[in-house]
Number of protein chains: 2
Amino acid sequence: MARRSDHSSQQITDMTVSWVQTYLSERCAENLSLRQVAKAIGYSPGTLINHFGSYGMLLLHVNASTLDQLDNAMAQGNVIGRDPGALIINMAKSYLAFAEAHTHAWRLVFEHRLSEHEDIPEWQMKRIDRLFTQLKELLKRVNQAASETELEQNARILWGSVHGITVLAVDDKLFSPVDTPNEQMVETLITHYLSGWCTGSSQKQQGEML
Amino acid sequence: MARRSDHSSQQITDMTVSWVQTYLSERCAENLSLRQVAKAIGYSPGTLINHFGSYGMLLLHVNASTLDQLDNAMAQGNVIGRDPGALIINMAKSYLAFAEAHTHAWRLVFEHRLSEHEDIPEWQMKRIDRLFTQLKELLKRVNQAASETELEQNARILWGSVHGITVLAVDDKLFSPVDTPNEQMVETLITHYLSGWCTGSSQKQQGEML
DNA sequence: AATTAATTATGAACACTGTTCAATAAGTAT
DNA sequence: ATACTTATTGAACAGTGTTCATAATTAATT
């Protein structure tokens, strides 16, 4: 058999990504394979490799769509006007909730690494950067006197921390004898951290609220 | 060929684990395979499966040894007597430093998951628990009035947070335009969090220092 | 309309993977 | 010396991602 043109290039990409996405809603990525995907969408393995470059690149496209979904989910709770601390907590909770709801897809985003020679495309970096920009803006409102450098640093610390709790929560490695809901953990984390930041030793004055 | 008894059961385990460990000091686990390990230690793949149960179980033994090393590395900085806040920061820095020095081994610990039916043996859980116990004791010294529940919760939040920054640091996903050393990030995290915890709204009195 | 050129999907082949299992040799007990 | 148990194996199995010549379809050119 040969050239078919049943579907456009975009369509193949979409079919692939969306099928993998629904697969990941039930099974984890480790049990998935290029050949399964190929069979599922009715093309040969070779075709998919032609299309995406490699299986790894295919998964990267899946990750892109996951990050879009995540971004979307987090935009929901982010209403303008309320106090920034509460908004940050909202963001974090959305992050956690998304990870717990899309365990396999979410894990794939952070565990998938390309092989040596292929490096992360910038359309992927951009998606990650959106998170920081939002967070930084909120942090600025929390502590208006903070320098750009300080905001940058704190955004990373805060995101990293929430991410850490999320990773462990998703893997059930946070087994607490006293079972506190994970949501409350990120809340406690953020309130304590922000309050410590604003009243902190070598810090400037505080922003609205807190 | 058949039974050889060149090595005892323990020796085979040790040879395997230590060879994989040195492998991981340069290459990552994804490029490793049961067959490579088998060839390296001079046994057949089947023998290793008989021994460990599965390749996954083999890797679990490697993870155990990694956790032992980690535990050892963290014990170094943990000298009794100094103020608990500084000690917690030391712990966290050791954690980060270890992860950065043993990237591949460390990643394997947190990314390796057994298949459906095999569940994590308790000799693995115990190793993870050691961390918490240490941390909880230090936290108790920071805030002596804190309840057991509160200590438990805060130990998890704190460890999760440090873990998160570490994960991202190891994966170079913490790309900051302003490049703050990662060490300083965990320090800032902990100081702010602890100070926020002790002076916090619904909190008890504070402990020694801070 | 007929011919050529460019494109695209393919199946077969390749070198690998973890795992199973009958055959077999070595060690132990009778 | 015989029987039994145990450890190790190679071959086979079903699977993996990737390569590539082959072939078929579309597009461009005569």
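Because the structure is a prediction, the values reported are computed rather than measured. The sequence lines fix the lettering, A, B, ..., with proteins before strands; numbering per chain opens at 1.
- For the pair A:Asp171 and B:Arg113, the salt-bridge criterion is met [side-chain N within less than 4.0 Å of a carboxylate O].
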Could you list the protein-to-nucleotides 15-17 of chain C atom pairs, N/O on both sides, closer than 3.5 Å?
from: C:dT17; atom 1: OP1; to: B:Ser33; atom 2: OG; distance (Å): 2.6

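- In this structure, CD in A:Gln134 is found 4.5 Å from CE in A:Met91, a value given to the nearest 0.5 Å.
- Note: NZ (A:Lys39) to C1' (C:dG11) measures 13 Å, nearest angstrom.
- Within the 3.5 Å criterion, the main-chain N or O of A:Ser25 finds no donor-acceptor partner in the side chain of A:His104.
- Rounded to a whole Å, the CG atom of B:Asp6 is 13 Å from the C1' atom of C:dA25.
- Ring centers of B:Tyr193 and B:Trp197: at least 6.0 Å apart, outside the cut-off.
- Looking at A:Lys136 and A:Asp129, no side-chain N of the basic residue comes within less than 4.0 Å of a carboxylate O on the acidic one, giving no salt bridge.
- Applying the side chain to side chain donor-acceptor pair (under 3.5 Å) criterion to A:Glu100, with sequence neighbours excluded, gives A:Asn182.
- Here B:His163 and B:Phe110 bring their ring centres to under 6.0 angstrom of each other.
- Aromatic pair B:Trp159/B:Phe132: centroids less than 6.0 angstrom apart.
- The stretch residues 40-54 of chain B comes close to DNA chain D through B:Tyr43, B:Ser44, B:Gly46, B:Thr47, B:Asn50, each having a heavy atom under 4.0 Å from the strand.
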